[in-house]
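Working notes, structure below.
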Amino acid sequence: MKFNILYTDKESKARTGLIKTSHGDIETPIFMPVGTLGSVKGIHQWELSDDIKAQIILGNSYHLYLRPGLNVLKNAGGLHGFMNWNGPILTDSGGYQVFSLAENRKLTSEGAVFRSHIDGSKHLFTPENVVDIQRTIGSDIMMAFDECAPYPSEYVYAKNSLDLTHHWLDRGLNHFDSTEPYYGHEQTFFPIVQGSVYKDLRIKSAEFIAQKNCYGNAIGGLAVGEPAEEMYEMIEIVNNILPKDKPRYLMGVGTPVNILESIALGIDMFDCVMPTRNGRNGMIFTSQGTINLRNEKWKDDFSPVDTNGTSFVDKTYSKAYLRHLVITKEILGAQIASIHNLAFYLNLVKQAREKIKDGTFLTWKNGMIKQLSTRL
RNA sequence: GGGGAGAUUCCAGAGCGGCCAAAUGGGGCAGACUGUAAAUCUGUUAUCUUACGAUUUCGGAGGUUCGAAUCCUCCUCUCCCCA
């Protein structure tokens with residue numbers, strides 16, 4: 001995998017770049033749609049590639065390991081072929097599930113013992129077998145197994161958690177280096193900076209991660225409930241330490257505003273369930289602001305879903321119709337809203353890339369943030 | 001014609017003397033959602049009031065009772081069964 005920086009902004013830390021993978025190139029800054037179970041919920045693969053213009057999508061080790069299971073994935077020759085997505089795939093390690101399924105797991109220095117949320121069966125995830133799982137999935141970018149500390153966390157908890165994550169990282173990296181891809185294409189491994197909202201821990205973690213010299217680096221454990229300002233502060237501190245010539249991936253973030261602010265701080269990659277989940281729940285993001293389609297005010301609004309939208313759904317359907325579909329829980333409503341939101345996110349980062357190239361990023365960003373914060 | 005059941009807050013439907021402005025669903029209205037256990041969850045839904053609280057509600061009219069959606073009388077209307 002290669003990463004080249006193309007343009008750097010003079011007024012901020014923003015930059016554009018190109019990541020080359022065995023499954024194609026990724027222009028950064030990029031947003032990566034989340035496809036936990038081998039499907040970006042409600043979206044066809046051709047819609048992802050041809051309409052939404054997704055350049056890379058996510059999968060999840062924990063979920064795919066439980067279902068369909070490693071045998072199926074291996075027999076399918078990996079996730080790309082199984083789901084018929086030929087672009088790049090990044091897999092999360094299951095570290096987030098350590099956090100979100102906290103009642104069903106126990107952490108030891110060996111790893112994390114899980115109870116499946118599906119049938120209660122017991123499973124052990126270790127830094128090593130999580131690499132194996134991601135080898136079996138065949139993701140282009142695999143993530144280290146980490147603990148995403150909850151917010152708020154006591155300093156001592158955050159520190160111990162960080163030590164565990166670093167310990168796991170060394171083991172995961174060793175295992176990665178001593179194993180080979182199964183399907184003939186290149187795989188890379190991203191370590192994850194943790195440290196909750198404690199500056200010294202974030203600095204320590206960023207320094208630890210930076211010297212591993214991986215192809216790219218991730219920042220985790222943010223947008224878990226802390227104020228946005230604290231998140232930006234952490235990003236700034238960490239990005240001052242993480243190498244400039246490597247892609248930086250801010251995990252699980254976020255709102256359109258979060259993304260623009262983080263691009264300005266030097267982040268290159270994002271993923272978030274927000275466009276799809278909120279879409280399914282009737283919220284759409286537009287360049288004018290956010291819209292809760294379930295609100296009565298849209299009942300008779302026959303204007304297009306988004307006059308500035310780039311997806312075919314934006315011109316094909318009206319707000320009133322989409323509202324009707326959402327209210328009546330028609331599946332098509334969830335699909336249209338998800339397609340719209342993902343296209344909006346992808347177009348947002350595309351515009352950001354263009355503005356960075358033009359040297360007008362900061363002014364544009366500040367104007368956009370004002371609009372995007374509007375509640376229509 | 002004979003016999004029986006019932007009318008409850010937007011709807012369905014509990015409640016059968018005080019803990020009832022009335023369970024629970026649904027619908028309506030609003031909020032949440034950030035490396036997806038989410039096509040999910042939460043709040044609210046008589047009127048007035050910021051609130052405390054106050055005032056009218058359970059087909060209609062009377063009555064019994066300290067107190068009635070709940071008991072009694074009459075009226076109106078609906079539904080079911082047998083002819």
Side-chain angles (χ1 to χ4, degrees), chain A residues 31-43 56-64 66-67 89-105 114-120 130 134 139 141-151 165 190-194 218-228 231 235 249-259 261-262 267 269-285 290 292-299 322-323 325-338 341 345 375:
Chain A
F31 178 80
M32 309 180 281
V34 178
T36 306
L37 277 158
S39 148
V40 177
K41 293 188 193 296
I43 315 278
I56 171 173
I57 63 172
L58 256 69
N60 186 282
S61 302
Y62 168 80
H63 290 282
L64 291 168
L66 289 180
R67 293 187 303 198
I89 294 175
L90 180 151
T91 41
D92 187 29
S93 60
Y96 188 75
Q97 280 61 46
V98 172
F99 160 74
S100 68
L101 303 171
E103 319 88 75
N104 296 327
R105 53 81 167 159
F114 277 97
R115 290 232 170 241
S116 158
H117 68 279
I118 298 159
D119 62 5
V130 162
Q134 293 177 100
S139 49
I141 300 172
M142 64 172 81
M143 301 304 301
F145 190 53
D146 65 335
E147 188 200 353
C148 176
Y151 179 85
T165 289
F190 280 23
I192 305 171
V193 173
Q194 288 288 348
I219 306 174
L222 292 175
V224 289
E226 80 284 2
M231 173 171 82
I235 295 169
Y249 164 31
L250 179 59
M251 305 184 77
V253 175
T255 66
V257 171
N258 289 161
I259 288 174
E261 294 288 21
S262 301
I267 297 292
M269 303 163 72
F270 301 88
D271 78 281
C272 192
V273 303
M274 194 171 272
T276 42
R277 179 186 288 168
N278 287 31
R280 288 196 302 280
N281 294 331
M283 171 172 284
I284 59 171
F285 299 93
T290 61
N292 185 348
L293 281 169
R294 293 186 313 187
N295 289 174
E296 195 175 20
K297 63 205 280 194
W298 307 108
K299 188 161 64 177
L322 183 51
R323 169 185 146 85
L325 295 179
V326 167
I327 295 265
T328 54
K329 295 186 170 23
E330 281 294 322
I331 296 169
L332 184 60
Q335 294 176 302
I336 293 171
S338 297
N341 280 345
Y345 268 63
R375 189 66 182 259

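Naming convention: chains lettered A, B, ... in sequence-line order (proteins, then strands); numbering from 1 in each chain. For the numbers below, each heavy atom of this structure counts, side chains included, while hydrogens, waters and symmetry mates do not.
- If you walk RNA chain B from 5' to 3' and mark each nucleotide with an atom closer than 4.0 Å to a heavy atom of chain A, the marks span B/rG28 to B/rC41.
- As judged by a 4.0 angstrom heavy-atom cut-off over every strand, A/D271 is placed among residues touching the sugar-phosphate backbone only.
- Here A/K299 pairs with A/E296, A/R323 under the side chain to side chain contact (heavy atoms under 4.5 Å, CB included) rule; sequence neighbours left out.
- Counting any heavy atom pair closer than 4.0 Å across all strands shown, A/L325 reaches no nucleic acid atom.
- B/rU36 makes up no base pair with any nucleotide shown, lacking Watson-Crick or G-U wobble contacts both under 3.5 Å.
- A/E330 comes within 4.0 angstrom of nothing in the nucleic acid, heavy atoms only.
- With a 4.5 Å cut-off on side-chain heavy atoms, A/Y345 and A/F270 do not count as touching.
- Between A/H63 and A/Q97 there is a side-chain heavy-atom pair separated by less than 4.5 Å.
- Residue A/N295 is classed as a sugar-phosphate contact, given heavy-atom separations below 4.0 Å to backbone atoms only.
- B/rU55: Watson-Crick or G-U partner is B/rA46, with both key distances under 3.5 Å.
- Under the Watson-Crick or G-U wobble criterion, with both distances below 3.5 Å, B/rG6 is paired with B/rC77.
- By the side chain to side chain donor-acceptor pair (under 3.5 Å) test, A/S139 is found to be paired with A/T91, residues two or more places apart in sequence or in another chain being considered.
- When the nearest nucleotides of RNA chain B are assigned to A/G95 and A/R277 by heavy-atom distance, the more 5′-ward of the two goes with A/G95.
- Using a 4.0 Å heavy-atom criterion, one finds that A/G333 contacts no nucleic acid atom at all.
- Interface residues of residues 31-40 of chain A facing RNA chain B, ordered by number: A/V34, A/T36; criterion, heavy-atom separation under 4.0 Å.
- Within the shown strands, nothing qualifies as a pairing partner of B/rA23 under the Watson-Crick or G-U definition with both distances less than 3.5 Å.
- As judged by a 4.0 angstrom heavy-atom cut-off over every strand, A/L58 is placed among residues touching the sugar-phosphate backbone only.
- A donor-acceptor contact closer than 3.5 angstrom links the side chains of A/D271 and A/Y249.
- Residues A/Y151 and A/P227 form a side-chain contact, since some pair of their non-hydrogen atoms from C-beta on lies under 4.5 Å apart.
- Contact annotation for A/R67: no contact, since no heavy-atom pair falls under 4.0 Å across all strands.
- Look at B/rC71: its Watson-Crick or wobble partner, with both distances under 3.5 angstrom, is B/rG63.
- Separation of the P atoms belonging to B/rG63 and B/rG53 is 32 Å when rounded to the nearest angstrom.
- Partners of A/S39 according to the side chain to side chain contact (heavy atoms under 4.5 Å, CB included) rule, which considers only residues two or more places apart in sequence or in another chain, do not exist here.
- The partner of B/rA14 cannot be assigned: no Watson-Crick or G-U wobble pair with both contacts below 3.5 Å exists in any strand.
- Contacts of A/D146 with the nucleic acid, taken as non-hydrogen atoms under 4.0 Å apart, include base atoms.
- Atom name P, nucleotides B/rG67 and B/rG13: the rounded distance is 33 Å, in whole Å.
- At least one side-chain heavy atom of A/L66 sits under 4.5 Å from a side-chain heavy atom of A/H117.
- To the nearest whole angstrom, the two P atoms, one in B/rU76 and one in B/rG60, are 15 Å apart.
- Comparing the C1' positions of B/rU73 and B/rG25 gives a spacing of 36 Å, expressed to the nearest Å.
- Looking at A/N60, its side chain does come within 3.5 Å of a backbone N or O of A/Y62 through a donor-acceptor pair.
- With A/M251 as reference, A/D92 is the one residue of A/D92, A/I219, A/L222, A/V193 to meet the side-chain contact (heavy atoms from CB on, under 4.5 Å) rule.
- Comparing the C1' positions of B/rU8 and B/rA68 gives an interatomic distance of 14 Å, to the nearest angstrom.
- With both ends at atom C1', the span from B/rU47 to B/rU40 equals 34 Å, rounded to whole Å.
- If you check every strand for non-hydrogen atoms under 4.0 Å, A/R323 touches sugar and phosphate atoms only.
- Taking atom P on both nucleotides, B/rA7 is separated from B/rG26 by 23 Å, rounded to a whole Å.
- To the nearest whole angstrom, the two P atoms, one in B/rC48 and one in B/rA39, are 38 Å apart.
- Among the heavy atoms of the strands lying under 4.0 Å from A/E103 is at least one base atom, whether or not backbone atoms are also near.
- Remark: A/D146 engages A/Q194 in a side chain to side chain donor-acceptor pair (under 3.5 Å) (not counting sequence neighbours).
- At the heavy-atom level, A/S116 lies nowhere under 4.0 Å from the strands shown.
- Each of A/K297 and A/A334 lies near RNA chain B, and the nucleotide nearest A/K297 is the one positioned closer to the 5' end.
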